[in-house]
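What follows is one structure encoded as structure tokens, with my remarks underneath.
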4 protein chains.
Amino acid sequence: MATTKSGGRQEQSSERRDQIISIAARLIAKRGYSATTVRDIADEAGILSGSLYHHFSSKEAILQEILHSFMAGLLGRFEEIVAEGGSPRDILDKLIAHAFATIESQPDAVGLYQNELSFLARQPGFEFLGENSERIEALWLAQITEGQKVGVFRDSIDAPIAYRFIRDAVWSTVAWYRPGRGHTASTLTDNFLDLLHKGLLAD
Amino acid sequence: MATTKSGGRQEQSSERRDQIISIAARLIAKRGYSATTVRDIADEAGILSGSLYHHFSSKEAILQEILHSFMAGLLGRFEEIVAEGGSPRDILDKLIAHAFATIESQPDAVGLYQNELSFLARQPGFEFLGENSERIEALWLAQITEGQKVGVFRDSIDAPIAYRFIRDAVWSTVAWYRPGRGHTASTLTDNFLDLLHKGLLAD
Amino acid sequence: MATTKSGGRQEQSSERRDQIISIAARLIAKRGYSATTVRDIADEAGILSGSLYHHFSSKEAILQEILHSFMAGLLGRFEEIVAEGGSPRDILDKLIAHAFATIESQPDAVGLYQNELSFLARQPGFEFLGENSERIEALWLAQITEGQKVGVFRDSIDAPIAYRFIRDAVWSTVAWYRPGRGHTASTLTDNFLDLLHKGLLAD
Amino acid sequence: MATTKSGGRQEQSSERRDQIISIAARLIAKRGYSATTVRDIADEAGILSGSLYHHFSSKEAILQEILHSFMAGLLGRFEEIVAEGGSPRDILDKLIAHAFATIESQPDAVGLYQNELSFLARQPGFEFLGENSERIEALWLAQITEGQKVGVFRDSIDAPIAYRFIRDAVWSTVAWYRPGRGHTASTLTDNFLDLLHKGLLAD
DNA sequence: GATGAATGAGGGTTCATTCAT
DNA sequence: CATGAATGAACCCTCATTCAT
């Protein structure tokens, strides 16, 4: 009845569910998945831990749902950005800007993703993490290599390595970025792009 | 004779202890602290879990010892590099080079540090993590600001933010760097410094 | 409806809780607190040891609850007896009679109290033991000293010491009194009061 | 070579042994047998816990030795007192006086005996506790019944019950008697005998 | 005599999960 | 939908004891 179309993964929608997912994302982002108990989550939701199982089939299912919807949204937007076209540099800038915007809008999901990815990627049921990561990498990397081909990016740089440096610097921001301390996603983007484009050295 | 009383933390040195620490570091780096059990560690050491407590007072004490000796060594070397003098740029390059070298020589400790830092820093008994991190930040940051003052680094860049981008890009490497796949600490350093110094854009 | 919030200590009342408390009191009285395991208690209750923690936060909490309710009831009744008034001798006799009645009605709690008091009184969380013991001592002692003042009790006797002798003789009875062997609380009381009042010597 | 004659129970004598026994008695008296670990004992003796097993075959053996030598000495002295003869009243007074003297000279052994007796008496290897207790009871009881027969003690009193009241009042003193607070074994004896002989009531 | 490393059993406790109500 | 009781497995840790050195 409340079941949506999206294949296989059962996704019942309700306020309670969304509330629980939000709470779980926050706690897991802060303490880590293993260190967060279903009781912690239930307590914050104001119910008993056993009652969580009316909404989710398991603790792991909560995590899957958080990450799945996060990654689906992220990949979708990245694909849109690429589809909207532009120069490799413009597209890369937009990808980066969207990453910083995502850090600002969904810090819990991003933090959780950063912390748990390495452990989860090999776990059964989380194969989608690796798949989506590869697709995102392909999108970004294409801009860099294309930029090198057309001469806008220096080609002395190893593109896959550059991608990883960029990716890690951007997403790690979630660990220290706190809104309302003089920085916004926008200023972070500006600073990062300035450094990335022109480098640290004065001419 | 084999007893070290350096620093008051670790009481005794022995092959067994070092072996256990090494095993624990590897497992914790791979699975996370919460998800690594003392039985896992003991199993790999070929002893019973209870026997671990002949060498360490608690699971947490193992983690403390790993991180404490790692951070003490790291901070010590960073301080040496600064003490050896040079231009801000040269010193910063050396700091970065040493970070990549550390990733190569102690990937477990670095990985563990990257994954658990945010959770641990506020835990009692782990205050030294925050303290050492701040001292390292101060060392690195001083090079950047000094470089800006003398004009070798562009001063349109916000130094603390630049530091964080650099730090995160460098240390996150531990999550994907695998020796013997065409890269070494040295080539990683070269690639990173090239990108950092001159930026991504062609002139 | 079944929830009592009397006193803040015990949170919830239920048959299960009471049953477990009763079992625990019996086992601890027989074997001692340290030698009684939560598994022993759970086994007798017909549940798994972990399930105990649905009802109590810790093994210690069970002990606290046993002792707290025991001492609260005891002190309350003693205070009532004093409040009902009478001559010091009558009141002291009634206090003693109630002690023997308590030994008969709650042998486990009394036995447990006798065995574990000296160890527990200094433990954190059990301060109420010492406090209540002092209040009971004050009640009893007041009767003895008042009796000496009005001349009904011989005043060659050191009252605090006499109190301790009386107290110990009475409560220690729990260690050997077995109902249905020719003695009841009532005959014990009679025997004790006869000896206490008139002494062992014939005139 | 250091083996003494006393049959069956191996009793090697040495300063170390005596020191350990003394430490163990003190700790067990304070915390209880179950709550006292061999490590606690070894720590206070300045050796490692495993090294205790060069002196004693088990933790239980230490306890046995403490109690065995304590009870042997006690029973022996009680038998001497009876053998020395005198009126039932004089003998009973001397027995009581010796009990208080023992509390003063061997508080740990007495305290340990008081606390652990009920649990230990049924344990294999501790049958001597019950046997000796019965022989002591017989000695004391004989004085009371003989005193009643010759008319020096009131015979309205049930002798076995009176014995238990006396025994418990006397030995329980160990739980609160602290030397150097205005009382000695001698004054305790005087107070107790005064109360016991003449009772609490004024004529 | 003592050490230091280890054992094996068991300690109290936590936790994800189930299910009758 | 939620509760409350329970499960079963696992967790970290303790302890008496053993034994080669």
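Letters A, B, ... mirror the listed sequences (proteins, then strands); counts begin at 1.
- Between C:F56 atom CZ and F:dA6 atom C1' there is a gap of 15 Å when expressed in whole angstrom units.
- Note on C:E127 versus C:R122: no salt bridge recorded, every NZ/NE/NH1/NH2 to OD/OE distance being 4.0 Å or above.
- In this structure, A:I28 places its CD1 atom 14 Å from P of E:dC15, rounding to the nearest Å.
- Listed nucleotides: E:dA5, E:dT3, F:dA16. Nearest to the side chain of D:Y53: F:dA16.
- Between A:D40 and A:R31 there is a salt bridge, since a side-chain N of the basic residue sits under 4.0 Å from a carboxylate O of the acidic one.
- Counting non-hydrogen atoms under 4.0 angstrom, C:T37 reaches the backbone sugars and phosphates but no base.
- Using a distance-only test at 3.5 Å, with no hydrogens or angles considered, no donor-acceptor pair links the side chain of D:E65 to the main chain of D:I21.
- Checked against E:dT17, E:dA2, F:dA2, the side chain of D:I47 finds its nearest nucleotide in E:dA2.
- Toward the 5′ end of DNA chain F lies the nearest nucleotide of C:H55, the other residue of the pair C:H55 and B:D40 mapping further downstream.
- Base-pair partner of E:dT14: F:dA9 (Watson-Crick or G-U wobble, both distances under 3.5 Å).
- Across all strands shown, F:dA16 forms a Watson-Crick or G-U wobble pair, both distances under 3.5 Å, with E:dT7.
- Distances from the side chain of B:L48 to the nucleotides F:dA6, E:dG12, E:dT7 place E:dT7 closest.
- The side chain of C:S51 contributes an N or O atom lying less than 4.0 Å from OP1 or OP2 of F:dT7.
- Within 6.0 Å of CZ on D:R26 lie more than 12 heavy atoms contributed by other residues, nucleotides or ligands.
- Among the atoms of the strands shown, only primed sugar atoms or phosphate atoms (P, OP1, OP2) are found under 4.0 Å from some heavy atom of C:S58.
- Comparing F:dA16, E:dA2, F:dA5 by their closest approach to the side chain of C:H54 singles out F:dA5.
- Minimum atom distance to the side chain of C:K59 is reached by E:dT13, of the listed E:dT13, E:dT7, F:dC12.
- Rounded to an integer number of Å, the gap from CZ of C:R31 to C1' of E:dG11 is 14 Å.
- Straight-line distance from the CD atom of B:Q19 to the P atom of E:dA6: 9 Å, rounded to whole Å.
- When atom types are taken as modelled, the side chain of B:K59 and the backbone of B:T36 share a donor-acceptor pair closer than 3.5 angstrom.
- For the pair D:R16 and E:dA2, the criterion of a side-chain N or O lying under 4.0 Å from OP1 or OP2 is met.
- For C:R39, the side-chain atoms get nearest to F:dA10 when compared with the rest of F:dA10, F:dT7, F:dT17.
- To the nearest angstrom, C1' of F:dC11 lies 16 Å from CG of B:L27.
- A pairwise comparison of heavy atoms in D:Y53 and D:S58 identifies CE2-CA, 3.9 Å as the closest pair.
- Contact annotation for B:S34: no contact, since no heavy-atom pair falls under 4.0 Å across all strands.
- C:E15 places its CD atom 16 Å from the P atom of F:dG4, with the value rounded to the nearest Å.
- With a 3.5 Å ceiling on both atom-pair distances, the Watson-Crick or G-U wobble partner of F:dT21 is E:dA2.
- As rounded to whole Å, 18 Å separates atom P of F:dC11 from atom CD of B:E60.
- Atoms CG (B:L52) and C1' (F:dC15) sit 16 Å apart, rounded to a whole Å.
- DNA chain F is contacted by both C:I20 and D:Y33; C:I20 maps to the nucleotide lying nearer its 5′ end (nearest heavy atom per residue).
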